[in-house]
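The structure appears right after this line, and notes come after that.
We name chains A, B, ... by the order of the sequence lines, and we start the count at 1 in each one.
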Amino acid sequence: MKKYLYGFQLFFLNSLQYRFNTVINLFFGNMSLLVTMFFWVLIFNGDFGKSLNGFTLSGMITYFVISNILSKFTLQGSGFYYTSMVKNGSLGSVLLKPYRLEWTVYFQQISTSITGLIPQLLFVLCVLPFISGFLTWNVSVWNILSMVMFIVIASITSHLLWSIFGFMAFWMEEATAVMWSLAVLLNMAMGMYIPLDFFPKGWLSVLEKLPFSAWGYLPSKIYLGLLSVEKQLQLLWIHLSWIVILLLLHRFIWKAGLKRFSSVGG
Amino acid sequence: MKYVKLFYAQCKLSVMAATMYRANFWLMLIQSILNTFMTLLSVEFIYGSVESIAGWSKEDMIVLICTSLIVNQMYRGIIHFNQNRFVNGVGSGGFDKLLLRPVNLLFQVNTGPIHISGLLSIIAPVIVLLSQLSKMSSHISATQISLYLLFLINGVVVLASFMLLLYTLAFVFIKVDGINNIYYLMMDMASKPQEMFGKECLYGFLWVIPAIPLANAPAMVLLGKRSVLPLALYLLIGVTFVLLSTVSLHTGRKRYTSASS
């Protein structure tokens, strides 16, 4: 435990070297959440009794607060990490080390996400006294447990899928542009811009079964109590199956990619 | 004329550099088109549930969003990268080079290599805007279009000078890259109707964080939502921020002690 605490201490000391920059980052880095909230107040015309596609205004605000925090567990960084390693040739030396690379990358990205979560939580805690009245506090033990399960699933599926995208670097010289394009599409499919319930009829039943819905949309809806236990269990099985599918795909593409890999500079 | 030639040479060099990695260049362009498409798709889906938002119809909102995308991409394509280079230069001592050249400092800080794919990203919102305008052509006069272009440029000027004003804090605090968050925030606010800010905060978002003049002002001109007097105010805001950023840059230069010597 001591070494992890030392890591956090180093992180904070490093941040405090440029205090102005740290404060600006803390304050303005998460302000877009407030802009989104005010925009939805405008859409609902400030009417807390109104309901749009099953969401009340307080439900919508809560949805964005929760999904904004949970989006940190979407491990996009895994893909970019693999891409850079393939591109600069450092993958060659990493492959010689006696550990499983996919797990190492997963835990590395999770720790980065948790560290990144601290400023976000600090911001939410700062604005909480002002917005708590507008939030939905619909907490049940089952919903919290279910949320946690979906967050764990989200971190694994996002890590696997983004790693697969990162493996494109084995075939392409520069894969980052494709990955950013995919990021735009996936942000939409995970309900980051608007909840999936606002999509045309029929889309939701397909999108909620895809792995991206667990990256923000489903846990937020579970928190809001908008998903029945039966539905949650059904989706849980589907998303657990995605882990198996993506794991197999990950292994297959990794092996195929390694055959093409020529260590640059190594 | 000298500066026009210089700007032309910078554009030429940037195009040559961008076409060296053609595949990546086109992919970056596709990403930007996707970004525009997804933003507009969100609007389409939201308006599937509501008739109007604070008096803005779906067509009005598309004009506003396309305008904010155009202002953003113009700034990102021509100015943003160079202002960031200036900030890094203050910390590393690279700012010395700018001081030695016989070219206006403000010009050097704002211009240089051009982010071609960023600049070409204007194409997608421009096409959407033009198609939107063709549907509304009976209501729009040539004066409105001229004023729209004027306020569009004013929006870029306000954004560039406001950001420069903030970036000059690098002379005091050295590392100020967190200020980029203010830029992202401003662009996020610019794509929303100004009614969102409420009457109480309106002046704050005109003079303190000038998000309203960026896209709301040109869009409202085009949609015929404003009288002339507040429009003059938007131009005044542009002039004020240019003056403030120039003064701040020259004051900062006096404070500057080269990091590399």
Which answer fits [X], side chain, backbone, both or neither, if we ask what part of it has an atom under 4.5 Å from a heavy atom of chain A?
| X | answer |
| --- | --- |
| B:Met61 | side chain |
| B:Leu41 | both |
| B:Val176 | both |

For [X], which atoms come within 4.5 Å of any heavy atom of chain B: side chain, backbone, both, or neither?
| X | result |
| --- | --- |
| A:Met31 | both |
| A:Leu52 | side chain |
| A:Ile194 | side chain |
| A:Asn53 | side chain |

Only pairs of heavy atoms separated by less than 4.5 Å count here; which of B:Gly198, B:Pro193, B:Ser52, B:Gly48 has the most with chain A?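 Among B:Gly198, B:Pro193, B:Ser52, B:Gly48, the one with the most close pairs to chain A is B:Pro193.
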
Heavy-atom pairs under 4.5 Å with chain A - which of B:Ile174, B:Asn35, B:Val172, B:Thr39 has more of them than the others?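 Among B:Ile174, B:Asn35, B:Val172, B:Thr39, the one with the most close pairs to chain A is B:Asn35.
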
Centroid separation A:Phe167 to A:Trp162 less than 6.0 Å: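 So the answer is no for these two rings.
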
Please tell me whether B:Phe162 and B:Trp207 form a close aromatic pair, meaning their ring centres lie under 6.0 Å apart.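 No, ring centres 6.0 Å or more apart.
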
Hey, are A:Glu208 and A:Lys231 close enough for a salt bridge, meaning a charged N less than 4.0 Å from a carboxylate O?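 Between A:Lys231 and A:Glu208 there is a salt bridge, with a charged N closer than 4.0 Å to a carboxylate O.
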
Are B:Lys135 and B:Glu59 within salt-bridge range, i.e. N to O under 4.0 Å?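 The answer is no: the pair does not qualify as a salt bridge.
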
Determine, step by step, whether B:Tyr75 and B:Tyr183 satisfy the ring-ring contact (aromatic ring centres under 6.0 Å, His included) criterion, reporting the C-alpha distance in whole Å, the side-chain angles of both residues, the deciding distance to 0.1 Å, and the verdict. CA-CA 10 Å; B:Tyr75 171 70; B:Tyr183 156 57; 5.1 Å; yes

With a 4.5 Å cut-off on side-chain heavy atoms, are B:Asn180 and B:His80 touching?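 They are in contact (side-chain heavy atoms under 4.5 Å apart), so the answer is yes.
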
Checking the side chain of A:Thr36 only, and the main-chain atoms of A:Ser32 only, is there a donor and an acceptor separated by less than 3.5 Å?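 Pair found, side chain donor or acceptor close to backbone of A:Ser32.
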
